[in-house]
Amino acid sequence: MTIEEREHILTQLEASGLLGRGGGWFPAHRKWCAVLAEDGVPVVVANGGESEPGSIKDRFLIRTRPADVLAGLKVAMDVVGADQGYVYLKGSFAEEETLLHRALKDMGGDPRITIHRGDDTYVGGEETAVLESIEGRVAWPRPKPPRPSSVGLFGRPTLVQNIDTLARVPEAIRSGAAYATQPSMAITIWGDVRNPGAYEIQGGRTLRSVVEQEGGGPTSDVALVFPNSAQAMPFTPDQLDIALDPGTFAGAGSPLGTASILVLNSAASHLSILDSVARFFEREACGQCPPCVLGTTNLRELVTGAKPSTHRLIPQAALKETAWFMSIHGYCSHARQGASAVTGLFARWQDEVIERLRGSDEGGGAESRDPFAPNSRERQALEAFLTRL
């Protein structure tokens, strides 16, 4: 690739405003330029280690548009001057691996590209944990700095870009500034909706319209909508006219992240959802740093120790102390996110949770739910959607 060709692509990518779809929504152009600024021959990694509970958008794109994913990876490799490219998948993504190999063969093959399946852990999808897995070690996050752009895979400058982002690179480069006016995005919608699954939409749509149209409408009255799985604070029915835009969501205090939109009806017990979130963060702690392991366990015990039948309340002082400790420790963001999610939900639902805990029964008919469990009925519905593609 000539310098002129590279500059043209980077100019188009910047004009397109393409943002990373791995959850951080960081400008793709800036990430590519950061790698170009480093010495050494770079590597590009397409991160398909999708592990956010309820998110299937990356697998959806691999199953429906594998050639776009590989085309985006090849463009990224050529632009940054990489001699190697990897597609990282979770260990259970055997069908996705087959589809990518088939698409790569149909494109004439490329000996520079390797498809690597790692493990199925949640933290294993973090960008530095992905690098550890490809290098043959346990998929544990690395401390930062250094960042992968300077010291990444095998010590080389590394561009780690989400599968969803790379699938949009060809269109973004073709359209340039026109792409910025109507960017596309993939979402997952699940829970108490008639059509759970993954869908491609145009950016700027409202949360309410997505629930009604792609989701087919709620199965009953909506009580809560989590816009980013367990990671973000839920919206209430009067907040659903917010546009699906990362900046708008961040301003509302609930990051869009991977757009794994969980809809829950009014029958769901707040206490059981709080318990489900706490159990998720405890279960998915990778075990590398004790503050995270101990902190997530302590949070879960504080939540699950509260029982309506015994009138035992959640000790708020202990909850805040544990969350503070977790917020300043840990190699990756898992501890901080767990502390923020559990304490944030409790703060929002404090009156409802305390009222239920002070009751003499299990909450007057409130339904116990555990949507973030690995085999929950909500997540099983998404797997069924994938099998129909």
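Sequence positions, counted from 1, serve as the residue numbers for this chain. We use all heavy atoms of the structure for the numbers below, so side chains are in, but hydrogens, waters and symmetry mates are not. Quick caveat, the model's predicted, so the values are computed rather than measured.
- Inspection of the Glu52 and Thr258 side chains reveals no N or O donor paired with an N or O acceptor under 3.5 Å.
- There is a side-chain donor-acceptor pair under 3.5 Å between Gln239 and Thr236.
- In this structure, Lys105 NZ and Leu100 CG are separated by 15.0 Å, a value rounded to the nearest 0.5 Å.
- There is a path of hydrophobic side-chain contacts, each under 4.5 Å, that joins Met233 to Ile187.
- Under 3.5 Å, the side chains of Ser376 and Asp370 contain no donor-acceptor pair of N or O atoms.
- In this structure, the separation between CD on Glu282 and CG on Asn298 is 10.0 Å, given to the nearest 0.5 Å.
- Between the side chains of Glu126 and Thr128, a donor-acceptor pair is found at a separation under 3.5 Å.
- In this structure, Phe372 and Phe226 have perpendicular ring planes: the angle between them is above 60°, well past the 30° mark.
- Between Phe235 and Phe249, a ring centre-to-centre spacing shorter than 6.0 Å is recorded.
- For the residue pair Ser269 / Arg369, no side-chain donor-acceptor distance below 3.5 Å is found, with atom types taken as modelled.
- Using cut-offs of 30° and 60° for the angle between ring planes, the Phe281 and Tyr122 rings count as perpendicular.
- When only modelled atom types and interatomic distance are considered, Arg156 and Gln84 share a side-chain donor-acceptor pair under 3.5 Å.
- At a cut-off of 3.5 Å, with distance as the only test, a side-chain donor of Asp221 or Ser266 sits close to an acceptor on the other residue.
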